[in-house]
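The block underneath contains the structure these notes are about, expressed in structure tokens.
Predicted, not measured: the structure shown is a model, and the values here were computed from it.
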Amino acid sequence: MPVDTATLRRRCTEEMDATPRGFGDAAWLRDAFLTVPREHFTPPRVWWPSPREDGLYSLIDRDERPNAWLKAVYSTGAPLITQMDDGLIPPTSPAKGAFTSSISSSGVIIELLRHLAPEPGERVLELGTGTGYTTALLTARTGPGTVVSVEVDPAIAERARQNLHGLGLDPLVVTGDGEQGYPTAGPFDRIIATASVREIPRAWLEQLRPGGTLLAPLDSPFGCDLLVRLTSTGRGTTHGRFVAKVHFMRVRGQREPRPYAELGWTERVEAARWQELRVEAGPHGQQIIDPALENHRAQPERRAPSGNSQTPVIPR
């Protein structure tokens with residue numbers, strides 16, 4: 001028996017309504033999710049993100065299993081893998097490789113856009129077009145001619161253009177290095193990245209207008225990415241906090257690991273207190289600040305009694 005797309009979309013919406021990381025009070029986002037057909041942006045063959053017992057990832061083919069494909073499209077918690085090993089593995093059979101592009105899960109996309117909180121008429125820069133689904137939701141909110149999306153992979157960018165054009169949407173999809181942003185159309189009111197970075201690119205900071213919002217998944221020492229929401233204070237400087245734990249594919253130019261100390265992280269930061277951390281990023285790089293450690297440093301040194309050479313220890 002065929003699965004009804006409208007029913008699946010409504011059920012998916014209701015599931016996200018019931019979670020604290022869902023639509024919240026963003027009625028526009030709920031309306032956009034119900035209006036924009038996610039299946040239109042999902043390739044006919046995708047890999048399921050959990051490996052089988054043999055280590056391979058199952059391929060879900062729309063033509064062979066249309067119901068299973070549609071149910072996967074509207075699964076709230078599972079991304080669908082659209083590319084492995086930068087396209088070297090064709091989507092023709094179960095396979096094993098590094099995930100390099102996907103259509104993110106509905107739940108993650110909704111959380112991203114809820115935290116971004118774009119307003120009608122604002123200019124938005126998206127880094128990582130993917131299938132174009134998030135681009136479509138953004139365009140539904142901000143309006144015609146407001147969204148610029150940059151995609152590093154030419155084939156993925158072209159498919160996204162076709163997907164968007166098929167629904168009569170007109171965002172500018174640019175093929176290029178997302179780390180460079182798109183200065184021609186800046187400054188932007190909002191900037192959002194759909195791939196994670198180890199360090200916030202300076203170009204993004206420079207292309208964000210004063211008072212504007214930047215949202216990006218940032219690599220952390222805690223075994224996950226942390227979604228950071230930054231506000232521009234002008235002259236390429238920003239400050240903000242982490243708002244969610246997430247997992248994203250890395251931008252191509254930042255796949256190589258780097259010592260966290262080089263990226264502004266202190267060794268004493270604790271994973272359990274990630275929500276308390278402050279983030280600053282600007283021309284001199286980024287800094288992740290633990291207010292508790294700052295407070296300890298700000299306190300006067302406690303001198304040991306005379307004759308005692310003990311040194312005060314900062315509590316961890």
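Partners of Phe23 by ring pair (Phe, Tyr, Trp, His ring centres under 6.0 Å), not counting sequence neighbours, listed by chain and number: Phe33.
When side chains are defined from C-beta on, Thr237 does not count as touching Glu280, because their heavy atoms never get closer than 4.5 Å. In this structure, the side chains of Val73 and Trp69 come closer than 4.5 Å at one or more pairs of heavy atoms. Using a 4.5 Å heavy-atom cutoff, the side chains of Thr131 and Thr42 are not in contact. Side-chain contact between Phe41 and Thr135 is absent, with no heavy atoms from C-beta onward closer than 4.5 Å.
Expressed to the nearest 0.5 Å, how far OG1 of Thr213 lies from CD1 of Ile192 amounts to 11.0 Å. Rounding to the nearest 0.5 angstrom, the gap separating the CH2 atom in Trp28 from the CZ atom in Arg30 is 14.0 Å. From Leu172, atom CG reaches atom OG1 of Thr146 across 11.0 Å, with rounding to the nearest 0.5 Å. Distance check, rounded to the nearest 0.5 Å: CZ of Arg190 to CD of Glu126 gives 15.0 Å. Atom CG of Leu29 sits about 9.5 Å away from atom CG of Leu138, to the nearest 0.5 Å. Between Leu230 atom CG and Arg241 atom CZ the span is 11.5 Å, to the nearest 0.5 Å.
Heavy atoms of other residues, nucleotides or ligands lying less than 6.0 angstrom from CZ of Arg11 number 12 at most. Atom CD of Glu262 is surrounded by more than 12 heavy atoms from other residues, nucleotides or ligands within 6.0 Å.
At a cut-off of 3.5 Å, with distance as the only test, no side-chain donor of Glu122 or Thr142 sits close to an acceptor on the other residue. With 3.5 Å as the limit, one finds a donor-acceptor pair spanning the side chains of Tyr260 and Asp219.
Here the closest non-hydrogen pair linking Val46 and Thr82 is CG1-CG2, 4.2 Å. The two residues Gly87 and Thr100 make their nearest non-hydrogen contact at N-OG1, 4.3 Å. Nearest heavy atom pair, residue Leu34 against residue Arg9, reads O-NH1, 3.1 Å. Shown here for Pro217 and Ala193, the closest heavy-atom pair between the two residues is CD-O, 3.4 Å. For the pair Pro291 and Arg278, the tightest heavy-atom approach, listed with the atom from each and the gap, is CG-NH1, 4.0 Å. When all heavy atoms of Thr129 and Ala160 are compared, the pair lying nearest together is CG2-CB, 3.6 Å.
Side-chain atoms of Asp85 do not come within 3.5 Å of backbone N or O of Gly97 as any donor-acceptor pair. Judged by distance alone, the side chain of Asp189 and the main-chain N or O of Gly212 form no donor-acceptor pair under 3.5 Å. Between the Thr233 side chain and the Pro210 main chain, no donor and acceptor come within less than 3.5 Å of each other. A donor-acceptor pair is defined here as one N or O able to donate and one able to accept, closer than 3.5 Å; such a pair exists between the side chain of Thr238 and the backbone of Ala281. Checking side-chain atoms of Asp153 against main-chain N and O of Ile156 turns up a donor-acceptor pair under 3.5 Å. Distance alone, capped at 3.5 Å, places no donor-acceptor pair between the Arg38 side chain and the Tyr74 backbone. Between the side chain of Arg114 and the backbone N or O of Gly24 there is no donor-acceptor pair closer than 3.5 Å. Looking at Arg258, its side chain never comes within 3.5 Å of a backbone N or O of Arg198 through a donor-acceptor pair.
By the 4.0 Å N-to-carboxylate-O rule, Arg235 lies too far from Glu206 to be salt-bridged with it. Ionic pairing of Glu39 and Arg62 is not present here: no N-O contact between side-chain nitrogen and carboxylate oxygen is shorter than 4.0 angstrom. Of the charged side-chain nitrogens involved, none lies within less than 4.0 Å of a carboxylate oxygen, so that Arg45 and Asp63 do not count as a salt-bridged pair. Salt-bridge annotation for Lys96 and Asp54: absent, with no side-chain N of the basic residue lying under 4.0 Å from a carboxylate O of the acidic one.
With hydrophobic clusters built from ILVMFWY side chains whose heavy atoms lie under 4.5 angstrom apart, Val124 does not share a cluster with Leu214.
Applying the side chain to side chain donor-acceptor pair (under 3.5 Å) test to pairs two or more places apart or on separate chains, those with a residue in residues 166-181 are Arg161-Thr175, Glu179-Gln254.
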* To do: Check step by step if side-chain contact (heavy atoms from CB on, under 4.5 Å) holds for Val228 and Ile200.
  => CA-CA 10 Å; Val228 64; Ile200 303 293; 4.3 Å; yes

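With Gln162 as the fixed residue, the side chain to side chain donor-acceptor pair (under 3.5 Å) test singles out one of Arg159, His165, Glu158: Glu158.
Hydrophobic cluster membership for Trp47: Tyr57, Leu59, Ile81, Met84, Ile89, Phe99, Met249 (Ile, Leu, Val, Met, Phe, Trp, Tyr linked by side-chain heavy atoms under 4.5 Å, directly or transitively).
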